[in-house]
Number of protein chains: 2
Amino acid sequence: MKASLRDISERTGVSITTVSRVLNDKGDEFRISKETQKKIFFTAKELNYVPNQTGVNLQSGKTRTIALIVPGLVNPFFANVASSIATEIQGTGYNTLITDSNENIEIEKDELKQMISRNVDGIIIASAGHDGSHINKIDDMGIPIVCIDRYFDNLQVPFVATDNFLGAEMATDHLLKRGHNHIACIQGAMHSMPNKIRIKGFEHTMNRYGIQDCTITGSDFTVQNGYTETLLLLQNKPFPTAIFTLSNTIALGCMKALKENNVRVPEDVSLITFDNHPYLDYLSTPLTCVAQPFQDICRIAIRLLFSMIDKEDLTTKQVLLRPEILVRNSVKRI
Amino acid sequence: MKASLRDISERTGVSITTVSRVLNDKGDEFRISKETQKKIFFTAKELNYVPNQTGVNLQSGKTRTIALIVPGLVNPFFANVASSIATEIQGTGYNTLITDSNENIEIEKDELKQMISRNVDGIIIASAGHDGSHINKIDDMGIPIVCIDRYFDNLQVPFVATDNFLGAEMATDHLLKRGHNHIACIQGAMHSMPNKIRIKGFEHTMNRYGIQDCTITGSDFTVQNGYTETLLLLQNKPFPTAIFTLSNTIALGCMKALKENNVRVPEDVSLITFDNHPYLDYLSTPLTCVAQPFQDICRIAIRLLFSMIDKEDLTTKQVLLRPEILVRNSVKRI
DNA sequence: ACTTTTCGAACAATCGATTGTTCAACTTAT
DNA sequence: ATAAGTTGAACAATCGATTGTTCGAAAAGT
């Protein structure tokens with residue numbers, strides 16, 4: 001079905017070597033006659049020849065493939081990341097192999113193994129794990145890998161993420177400055193670094209304003225979590241004057257619970273969230289948010305990865321990017 | 001860095017053959033002594049051996065990889081599709097190679113070539129093209145391929161898509177039944193089959209209600225297009241009583257233009273769109289839409305593809321799935 | 001006329017894994 | 001003691017492409 005060098009070699013009567021050289025535009029370099037070259041090109045076209053990368057890879061050890069492992073494409077943030085990375089890598093001559101670990105560390109480890117097995121040239125990962133030892137192991141094997149969004153203490157590989165402390169600080173500050181001091185924070189996966197840092201930023205800012213006890217609740221980055229926690233929050237007296245959700249998915253669940261209970265935003269409660277989304281502008285109450293610079297994260301991660309692939313020395317290995325607060329109408333001044 | 005069979009062979013003093021057989025659990029079958037087996041397993045673990053798929057592939061001709069080519073991950077519909085497919089394929093022992101053609105047929109052709117080159121076992125594609133000849137060519141080469149969402153006349157490969165005629169009919173019917181007869185339709189890529197069929201469904205339903213001239217405008221599935229066309233529409237007198245957008249992206253642009261011009265939905269104009277999205281429930285006016293069964297599309301496409309890979313005969317090759325209308329509050333009865 | 005260049009292309013090894021065949025060495029049977 | 005059988009493992013070819021080396025034959029130089 002698919003033609004190989006051998007097929008062309010047999011059709012033209014010249015050796016595989018010669019065919020290979022001609023098709024790699026080394027015909028002149030190796031003094032293959034114009035006539036032979038023409039014959040080879042013609043036959044290659046005729047047989048619809050496409051080089052078998054497997055062969056090339058085996059020979060070169062390179063696959064020209066970058067793997068991207070994310071904890072969940074259902075999360076618009078990671079969908080955006082995947083889209084950005086795929087698009088950025090396009091045209092570099094590399095392909096992108098995308099997989100989804102579903103926030104499951106075992107699946108993630110298996111995928112990592114698969115990628116090594118497939119000889120990918122580099123890996124970009126937003127890890128679902130609690131620590132980075134399995135990622136350091138990849139690094140030890142000499143496989144270029146960079147972390148995005150999620151990172152760990154003692155991580156020996158480069159990472160690129162939002163400055164989550166700053167982001168949480170900005171959001172909390174925004175609320176406090178508008179008179180809120182009873183703020184509930186609905187968090188995501190507690191072990192994840194972005195979550196931990198955001199919580200730190202939240203608490204730090206609260207403390208700075210002299211507020212010691214903070215309401216922090218929730219357990220993962222899902223719509224369900226946002227929904228459940230908000231429902232629980234609604235039982236409390238007094239109800240907080242503002243809610244700070246740590247992801248778009250949590251915000252979605254939160255809004256669902258609020259709507260079902262006829263709690264209005266921002267009249268009854270103010271709302272601010274991590275993550276931007278095109279729809280936030282058109283919500284019944286346009287949602288104020290902390291936008292992560294996901295495009296820059298992707299671009300820089302790719303840049304770092306390619307540097308590693310090219311065996312260049314990395315001067316900066318840990319990049320935290322400034323988020324941006326987009327003020328819409330979900331926070332009331334009280 | 002990475003250990004190969006040869007490394008294990010050298011460390012243990014047995015041949016590569018024996019190592020290969022033991023690691024493939026064929027040790028007993030080939031009467032390799034327990035002792036030797038133990039030694040091999042131990043060394044493999046010690047060296048952190050992971051089989052090099054490139055070698056396996058070359059030998060077997062299989063890569064256990066499925067390629068997915070979509071015209072744009074920025075479109076939430078395709079992000080959902082990508083997520084679904086990646087998730088569904090997970091655990092089948094296959095990996096998913098996702099690429100984005102950016103609605104560009106040249107990029108798409110190039111990607112297709114890449115996939116062939118990489119020996120993928122099968123391809124799922126939502127093509128950006130105007131016709132299916134390049135896809136038939138893949139089929140001719142004996143590479144399993146199935147189309148989703150976008151398909152063509154004379155396509156010789158299986159496809160799975162929404163029943164777009166029905167979807168457009170449902171939407172149009174919904175508007176007409178509520179007293180709208182001045183309806184503007186903002187379409188997407190005119191050459192694409194889903195768009196063509198939706199337009200047909202729209203016109204057919206309008207005609208059924210005795211309305212002959214339909215306003216159809218727009219040219220691609222982008223936010224920008226929805227924005228521009230709505231702006232243009234706003235110049236018209238009389239302004240339509242309802243707008244039917246053929247994708248979520250177009251709807252987003254449309255809403256932007258309406259908002260900027262203080263046109264209220266549904267008081268001043270009713271709005272209905274193709275494609276559902278989690279946020280639609282929380283918009284200032286929750287948006288009535290025609291939801292595509294993207295999960296089923298993905299599942300069936302994968303099913304068909306695996307049947308082709310397994311060389312089974314396909315009884316049904318063309319699947320159109322019933323969409324669902326989700327009634328919210330963006331259509332006013334007049 | 002004989003040696004040296006140049007030309008045009010083939011040989012053969014290699015990458016990593018798989019697999020049909022072969023082959024010693026030892027055991028058992030005759 | 002010799003033939004037959006069993007054990008345990010190695011040999012070698014193969015998949016597709018690349019690449020350093022080699023090798024005839026024709027052309028040029030002496």
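First the proteins, then the strands, lettered A, B, ... as listed; each starts at 1.
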Can you classify the ring geometry of Phe294(B) versus Phe77(B) as parallel (below 30°), tilted (30 to 60°) or perpendicular (above 60°)? perpendicular
Between dT7(D) atom C1' and Gln37(B) atom CD, what is the distance in whole Å? 13 Å
Rounded to the Å, how far apart are Asn57(B) CG and dT14(D) C1'? 15 Å
Would Phe78(B) and Asp100(B) satisfy side-chain contact (heavy atoms from CB on, under 4.5 Å), going step by step from the backbone distance to the final call? CA-CA 10 Å; Phe78(B) 289 116; Asp100(B) 185 331; over 6 Å; no
Please indicate whether Asp310(B) has more than 12 foreign heavy atoms, meaning atoms of other residues, nucleotides or ligands, lying under 6.0 Å from its CG. yes
Could you verify whether a donor N or O on one side chain and an acceptor N or O on the other, from Glu108(A) and Ser127(A), lie under 3.5 Å apart? yes
Strictly under 4.0 angstrom, non-hydrogen atoms only: write out the protein contact profile of nucleotides 15-20 of chain D, one letter per nucleotide from the 5' end, B, S or -. BBBBBB
Compare the minimum distances between each of dA9(C), dA9(D), dA10(C) and the side chain of Ser15(A), then state the nucleotide with the smallest one. dA10(C)
In whole angstroms, the gap separating P of dC7(C) from CD of Glu29(A) amounts to 14 Å
Less than 4.0 Å between a side-chain N and a carboxylate O, is that true for Arg150(A) and Glu103(A)? yes
Ile135(B) and side-chain contact (heavy atoms from CB on, under 4.5 Å): which partner among Asp140(B), Ile125(B), Val146(B)? Ile125(B)
Could you tell me how far apart Arg31(A) (CZ) and dC23(D) (C1') are, to the nearest whole angstrom? 12 Å
Among Asn75(A), Ile98(A), Val70(A), Leu73(A), which one satisfies side-chain contact (heavy atoms from CB on, under 4.5 Å) with Ser83(B)? Leu73(A)
Between CD1 of Ile40(A) and P of dG8(C) the distance, given in whole Å, is 13 Å
What do you reckon, is NZ of Lys39(B) surrounded by more than 12 foreign heavy atoms closer than 6.0 Å? yes
Calculate the interatomic distance between Ile32(B) atom CD1 and dA10(D) atom C1'; express it in whole Å. 10 Å
For the helix from dA1(C)-dT30(D) to dT30(C)-dA1(D), what angle lies between the axis at the first five pairs and the axis at the last five pairs, to 10 degrees? 70°
What does Gly27(A) touch in the nucleic acid at a heavy-atom separation under 4.0 angstrom: a base, only the sugar-phosphate, or nothing? nothing
So, Thr54(A) versus Asn57(B): side-chain donor-acceptor pair below 3.5 Å or not? no
What is the distance, to the nearest angstrom, from the CG atom on Asp28(A) to the C1' atom on dA9(C)? 14 Å
